[in-house]
Amino acid sequence: MDRFNTKHFAFLIAATTIVSLKTYPDIYISNGRRDTWVAMIIASFLIFAFTFFAIKVFQKGKEFNFAQVYKEAYGEKLGKFFIGLFIITLLLTLIESASVQSNAMHMNMLVETPPWFFLIFFIFPAIYTIKKDIVAIVSVTLIGITLITIAGINLGILTTGYKDYNLLFPVFEDGVTLGFLLAILKILGLYGSIVIVFPYLTEIKDKGKLLRDTLIGLLFVIQMQIVSATGTLSTFDVSRTYEMAYPKLLQTQLVSYARFVEFGELFVMLQMVGGWYLKYVITFYALLKLWNALGMKDKYLIYIVTLIVFGFSFIISMDINVLFIFLNYYAYISFMNFFVIPLVGFILYALKIKRKTSSSY
């Protein structure tokens with residue numbers, strides 16, 4: 001791969017926005033309950049509109065440096081402050097990726113193996129990919145998303161016979177509740193991971209098809225999330241679903257055809273390990289780019305961040321209750337720093353562009 005282009009960008013979008021919503025849906029199903037699939041559709045529409053608006057603002061302003069857009073929108077000092085908050089959220093995303101992957105593998109696959117063992121073989125090998133720069137990250141993403149998609153299609157086929165779509169109804173049995181609104185908010189927070197790839201825009205040379213490829217990549221994610229949400233709720237009764245830590249992993253354990261085909265876990269393990277690894281390395285590289293954008297360079301930053309992530313992930317992943325308390329707070333933090341603050345920033349930046357255009361005219 002000699003040039004990073006908009007098609008590669010679409011794969012990065014898939015890598016950052018698929019895995020969180022699919023792995024631990026119970027944090028928003030506990031709020032939305034049976035209406036969660038409706039909340040997913042609404043949140044998907046909102047994130048599509050947000051992404052469309054953001055890319056149009058990037059193109060109209062002819063400024064694809066995400067950090068610079070923040071500075072232009074909020075001013076130099078406040079812009080740097082919000083970039084700092086964004087970097088902290090990226091750090092929390094690294095902790096999320098490492099903790100969920102290690103805890104889920106421990107809980108559902110290899111119970112006798114402690115989470116810290118998975119952490120060692122997840123976090124430290126990632127350093128090699130990150131140090132090889134964007135070429136390695138994009139190459140791994142292309143291969144990973146292709147394999148994850150194939151695994152997802154197979155899982156969809158294998159689990160079809162275990163779904164009862166009558167379980168999705170009735171919707172809004174209690175009307176539009178606060179829980180339903182919180183579910184939309186949390187889903188938007190996890191969907192907001194799409195902004196993690198915005199710092200990569202400066203690496204794209206030919207941006208002529210940026211909007212088209214970005215929206216195609218996002219539509220691919222949206223249909224996958226809607227199918228996943230409806231599939232989970234139609235497999236298990238909602239009263240059971242939100243009590244499961246990782247319902248997608250349990251769903252695949254149902255697969256059994258002729259007492260021979262019983263390897264649904266193989267596909268979901270590929271999705272989980274591969275998906276979280278991709279999100280981890282993409283997020284890590286975005287953090288390094290924004291750190292440099294603030295004018296701060298440290299050749300040991302990769303190792304410092306890795307040790308911080310390992311320390312916090314070690315503590316969080318050991319107790320599933322602590323992990324899910326963290327994930328609930330993370331969804332709200334992501335909603336603010338990955339959706340609300342960027343949205344306000346793009347609106348302010350668009351207004352400044354319009355004002356400059358009017359003045360020039």
Side-chain angles (χ1 to χ4, degrees), residues 4 9 12-13 16-17 46-47 49-96 130 134 137 185 188-205 207 210-211 214 218 279 282-299 301-302 304-305 308-309 329-360:
F4 180 45
F9 190 71
L12 294 183
I13 289 172
T16 54
T17 52
L46 292 174
I47 201 67
F50 165 79
T51 306
F52 179 85
F53 175 65
I55 298 300
K56 291 295 287 185
V57 170
F58 277 124
Q59 291 178 326
K60 193 163 187 178
K62 297 180 180 179
E63 175 60 73
F64 294 91
N65 187 319
F66 182 65
Q68 188 60 35
V69 170
Y70 259 42
K71 292 176 186 177
E72 290 281 344
Y74 291 111
E76 187 71 21
K77 291 184 179 179
L78 190 58
K80 285 186 176 180
F81 173 74
F82 283 135
I83 293 168
L85 290 181
F86 193 90
I87 290 174
I88 291 172
T89 312
L90 291 179
L91 180 61
L92 292 176
T93 303
L94 295 178
I95 295 171
E96 174 222 16
I130 297 162
I134 192 170
I137 291 173
L185 186 150
L188 278 175
L190 300 181
Y191 253 141
S193 295
I194 192 171
V195 300
I196 293 172
V197 302
F198 284 175
Y200 286 81
L201 288 172
T202 54
E203 303 285 346
I204 302 175
K205 304 303 180 184
K207 300 179 178 68
L210 177 62
L211 182 63
T214 298
L218 184 56
K279 185 173 183 179
I282 292 169
T283 302
F284 209 130
Y285 192 77
L287 185 151
L288 296 178
K289 285 183 68 64
L290 287 177
W291 185 264
N292 291 333
L294 291 177
M296 297 182 289
K297 297 183 179 180
D298 191 332
K299 62 181 180 179
L301 182 63
I302 293 178
I304 294 171
V305 171
I308 292 172
V309 171
Y329 282 113
Y330 170 77
Y332 291 119
I333 293 169
S334 295
F335 176 71
M336 288 302 301
N337 290 327
F338 282 166
F339 185 79
V340 176
I341 294 176
L343 177 59
V344 174
F346 286 124
I347 291 172
L348 293 174
Y349 185 60
L351 292 174
K352 287 192 174 185
I353 295 170
K354 187 176 181 180
R355 196 178 305 124
K356 287 179 182 179
T357 305
S358 300
S359 300
S360 300

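A quick note: this is a predicted structure, and the numbers were derived from the prediction, not measured.
Nearest heavy-atom pair, P199 versus I196, reported as atom, atom and distance to 0.1 Å: CD-O, 3.1 Å. G61 and I353 get closest at one heavy-atom pair: CA-CD1, 3.4 Å. Closest approach of F198 to F9, counting heavy atoms only: CD2-CZ, 4.4 Å. Closest of all the heavy-atom pairs between Y74 and G79 is CB-N, 3.8 Å.
L294 places a side-chain heavy atom less than 4.5 Å from the side chain of I87. Residues L201 and I204 form a side-chain contact, since some pair of their non-hydrogen atoms from C-beta on lies under 4.5 Å apart. The shortest distance between side-chain heavy atoms of L12 and T16 does not fall below 4.5 Å. The side-chain heavy atoms of F64 and L210, taken from C-beta on, include a pair separated by under 4.5 Å. Side-chain contact between V195 and F86: present, with at least one pair of heavy atoms (C-beta onward) separated by less than 4.5 Å. For the pair I83 and F66, the minimum side-chain heavy-atom distance is 4.5 Å or more.
Every residue two or more places apart in sequence or in another chain that forms a side chain to side chain donor-acceptor pair (under 3.5 Å) with T93 is listed here: Y330. Taking the salt bridge (charged side-chain N to carboxylate O under 4.0 Å, His left out) definition, one finds that K80 meets it with E76, sequence neighbours left out. With sequence neighbours left out, the salt bridge (charged side-chain N to carboxylate O under 4.0 Å, His left out) criterion links K289 to E203.
Atom CG in L90 sits 11.0 Å away from atom CG in L85 (nearest 0.5 Å). Separating the CZ atom in F284 from the CG atom in L91 is a distance of 8.5 Å, to the nearest 0.5 Å. A distance of 8.0 Å separates OG1 in T283 from CD in E96, rounded to the nearest 0.5 Å. Taking CG of L287 as the start and CD1 of I282 as the end, the distance is 14.0 Å to the nearest 0.5 Å. For the atom pair OH of Y70 and CG of L78, the computed distance is 10.5 Å after rounding to the nearest 0.5 Å. Between the CZ atom of F338 and the CD1 atom of I194 there is a distance of 12.0 Å, given to the nearest 0.5 Å.
The stretch residues 57-71 participates, sequence neighbours left out, in no salt bridge (Lys or Arg N to Asp or Glu O under 4.0 Å) pair at all. Applying the side-chain hydrogen bond (donor to acceptor under 3.5 Å, both in side chains) test to pairs two or more places apart or on separate chains, those with a residue in residues 188-200 are S44-Y191, S193-K279.
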If you look only at distance, which donor and acceptor atoms sit under 3.5 Å apart when one is on a side chain in residues 339-349 and the other is two or more places apart or in another chain?
none

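Remark: Y332 OH is packed, more than 12 non-hydrogen atoms of other residues, nucleotides or ligands lying under 6.0 Å away. Counting heavy atoms of neighbouring residues, nucleotides and ligands inside a 6.0 Å radius, atom OH of Y329 does not exceed 12 of them. Applying the 6.0 Å contact sphere to NZ of K56 captures no more than 12 heavy atoms from other residues, nucleotides or ligands.
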